[in-house]
Number of protein chains: 2
Amino acid sequence: MSRVSQAEARANRQRVVESASRLFRENGVRHVSVADVMQSVGMTQGGFYKQFASKAALVDEATAEAFSGMLRHLAALDGDHAGHDAAWPALIDSYLSPEARDDPGNGCPAAGFAGDFARDPEWRDTYAAGIRDMAGWIAPGDTGLAALSTLVGALLLARATAGSPVSEEILRAARKAAARLTE
Amino acid sequence: MSRVSQAEARANRQRVVESASRLFRENGVRHVSVADVMQSVGMTQGGFYKQFASKAALVDEATAEAFSGMLRHLAALDGDHAGHDAAWPALIDSYLSPEARDDPGNGCPAAGFAGDFARDPEWRDTYAAGIRDMAGWIAPGDTGLAALSTLVGALLLARATAGSPVSEEILRAARKAAARLTE
DNA sequence: GCCTTTAGATTACACTCATGATCTTAGAAG
DNA sequence: CTTCTAAGATCATGAGTGTAATCTAAAGGC
């Protein structure tokens, strides 16, 4: 099979980016091959380089896509609650829940990509922009950055200790601490 | 060359573990091959499986070694300062310094391995034990776990945004927040 | 001094992966 | 309707990697 309509091709490309953004967060950039990504949307690796310059380019788009989804989620939280002061505690509880810990693929890109990007400078601009946006949503200035650090650190530690009782203790401790930080 | 004395072999094995613990923290478990580790101590990969059952076994030992070094460092901090209440602020300042951010190989294993172990359950027991020890040093109970989350999160975010001005902002914001958390 | 043992070197095997050349076929333009 | 084009399939390539068999020479026990 081959040669779909332009609209279909554009839709396929978007599905690749979205699926990649989930796979990369869940399994890490290194653990996910180009073939894995293409298979996840029911295609073969052959057409990949017709749409993307390299795997690195896809990582960049997938990162931006993941942050974009996160910011949509945050905006929706503001809408669902009576003002930002009510939305922030709600974010803390969902962000540091066992469910969020166990679902990195649909979870926070700040946490999902931190481990990979701490080593590789290639995507830091896109990542740094996302971090600024997320911290800015929490609170302006230092407060937002510090609170985001606590959220991301706790989520990563909870994931890396999942299965041990410490994991839940970390989540609980950080939920309390995050609330205190923005008082 | 071959067949060194038993004492030499033991020393070589230890050098492999120590070098691996640095390389893994710096470049990630996946980016460092067995051959890389062996070359870093001036040997070839041939002898590796005479000393270790697998790469995974080395990762486990390297993790334990890294945490052990961290705890030695923390104990030394207690000795260098007038009591634990003075050592903790000193840790905050050194832990969240640009120098620590830029030297992951010799830095905190809680941060250095978090990204890798969040995905792979294989070494979580060793990691969880180290986390407990580090948090216990900071403060007992939830306080220590929350403060450690902030430290680790800020360090990882600062690394993943290194090169951008946000990186320094994160370090500064988290230094203030960490001190507040243990008040 | 001889013999067995074994740390480390050499080499090989079976995979995986990013990249890309080539082929196929159906959309798009005339 | 014909022709050109390009999305996606198939297959190839070259580099890297974990594991391990085999080789070697010196260590360590007798």
Side-chain angles (χ1 to χ4, degrees), chain A residues 1-63 113 116-117 119-123, chain B residues 1-21 23-24 26-63 113 116-117 119-123:
Chain A
M1 268 157 255
S2 67
R3 196 67 213 267
V4 298
S5 77
Q6 291 180 347
E8 232 176 311
R10 236 177 303 127
N12 284 342
R13 189 185 195 283
Q14 182 59 20
R15 283 171 54 228
V16 169
V17 173
E18 280 165 16
S19 182
S21 112
R22 251 175 277 117
L23 287 171
F24 287 152
R25 274 178 281 176
E26 186 165 349
N27 303 111
V29 169
R30 277 291 273 213
H31 279 266
V32 177
S33 69
V34 168
D36 290 335
V37 173
M38 296 305 277
Q39 266 177 29
S40 76
V41 298
M43 304 204 298
T44 64
Q45 66 224 35
F48 180 80
Y49 289 90
K50 291 274 159 57
Q51 295 292 340
F52 302 95
S54 63
K55 183 186 179 183
L58 173 63
V59 174
D60 200 69
E61 282 197 50
T63 303
F113 289 110
D116 288 319
F117 297 175
R119 271 86 172 228
D120 209 320
E122 184 142 20
W123 306 283
Chain B
M1 267 156 259
S2 67
R3 195 67 214 267
V4 299
S5 77
Q6 291 179 348
E8 232 175 313
R10 235 176 303 128
N12 284 343
R13 188 185 197 284
Q14 181 61 18
R15 282 172 54 229
V16 169
V17 173
E18 280 165 16
S19 182
S21 110
L23 287 171
F24 287 150
E26 187 165 348
N27 304 110
V29 168
R30 211 88 201 312
H31 278 267
V32 177
S33 69
V34 167
D36 289 336
V37 173
M38 296 304 277
Q39 265 177 31
S40 76
V41 297
M43 306 205 296
T44 64
Q45 64 225 35
F48 179 80
Y49 289 89
K50 291 277 159 57
Q51 295 292 340
F52 302 95
S54 63
K55 185 186 180 183
L58 173 64
V59 174
D60 200 69
E61 282 197 51
T63 303
F113 288 110
D116 288 319
F117 296 175
R119 271 84 172 230
D120 208 321
E122 182 142 21
W123 307 281

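Numbered from 1 within each chain, the chains take letters A, B, ... in sequence-line order. It should be emphasised that the depicted structure is a prediction, and the values quoted were computed from it without experimental measurement.
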What's the closest nucleotide to the [X] side chain, out of [options]?
X: Gln51(B); options: dG8(D), dG8(C), dA18(C); result: dG8(C)
X: Asn12(B); options: dG8(C), dA7(D), dC17(C); result: dG8(C)
X: Lys50(A); options: dT17(D), dA28(C), dG8(D); result: dG8(D)
X: Ser33(B); options: dG18(D), dA7(D), dT19(C); result: dG18(D)
X: Met43(A); options: dG28(D), dA28(C), dG8(D); result: dG8(D)
X: Gln45(A); options: dA12(D), dA9(C), dA7(D); result: dA12(D)

Rounded to the nearest 0.5 Å, what separation is found between the [atom1] atom of [X] and the [atom2] atom of [Y]?
X: Glu122(A); Y: Asp116(A); atom1: CD; atom2: CG; value: 12.0 Å
X: Leu58(A); Y: Ser54(A); atom1: CG; atom2: OG; value: 8.5 Å
X: Phe24(A); Y: Thr63(A); atom1: CZ; atom2: OG1; value: 8.0 Å

Here's a test of your reading of the structure: between Phe48(B) and Ala7(B), which maps to the more 5' nucleotide of DNA chain D? Phe48(B)

Take Asp36(A) and Ser33(A), measure what side-chain hydrogen bond (donor to acceptor under 3.5 Å, both in side chains) needs, and give me the verdict at the end. CA-CA 5 Å; Asp36(A) 290 335; Ser33(A) 69; 3.1 Å; yes

Rounded to the nearest angstrom, tell me the gap between atom [atom1] in [X] and atom [atom2] in [N].
X: Lys55(B); N: dG16(D); atom1: NZ; atom2: P; answer: 15 Å
X: Phe52(A); N: dA7(D); atom1: CZ; atom2: C1'; answer: 13 Å
X: Gln39(B); N: dG18(D); atom1: CD; atom2: P; answer: 12 Å
X: Gln6(B); N: dT6(C); atom1: CD; atom2: C1'; answer: 9 Å
X: Met38(B); N: dA20(D); atom1: CE; atom2: P; answer: 15 Å
X: Arg13(B); N: dT6(C); atom1: CZ; atom2: P; answer: 15 Å
X: Leu58(B); N: dT19(D); atom1: CG; atom2: P; answer: 11 Å
X: Arg10(A); N: dA6(D); atom1: CZ; atom2: C1'; answer: 14 Å

Between Arg30(B) and Ala9(B), which has a closest nucleotide on DNA chain C that is more 5'? Ala9(B)

By the 4.0 Å heavy-atom rule, please label [X] as base, sugar-phosphate, or nothing.
X: Ser5(A); value: sugar-phosphate
X: Glu8(B); value: nothing
X: Val37(B); value: nothing

Tyr49(B) side chain N/O closer than 4.0 Å to the phosphate oxygens (OP1, OP2) of dA20(D)? no

Using a strict threshold of under 4.0 Å (side-chain N to carboxylate O), is an ion pair present between Glu18(B) and Arg13(B)? no

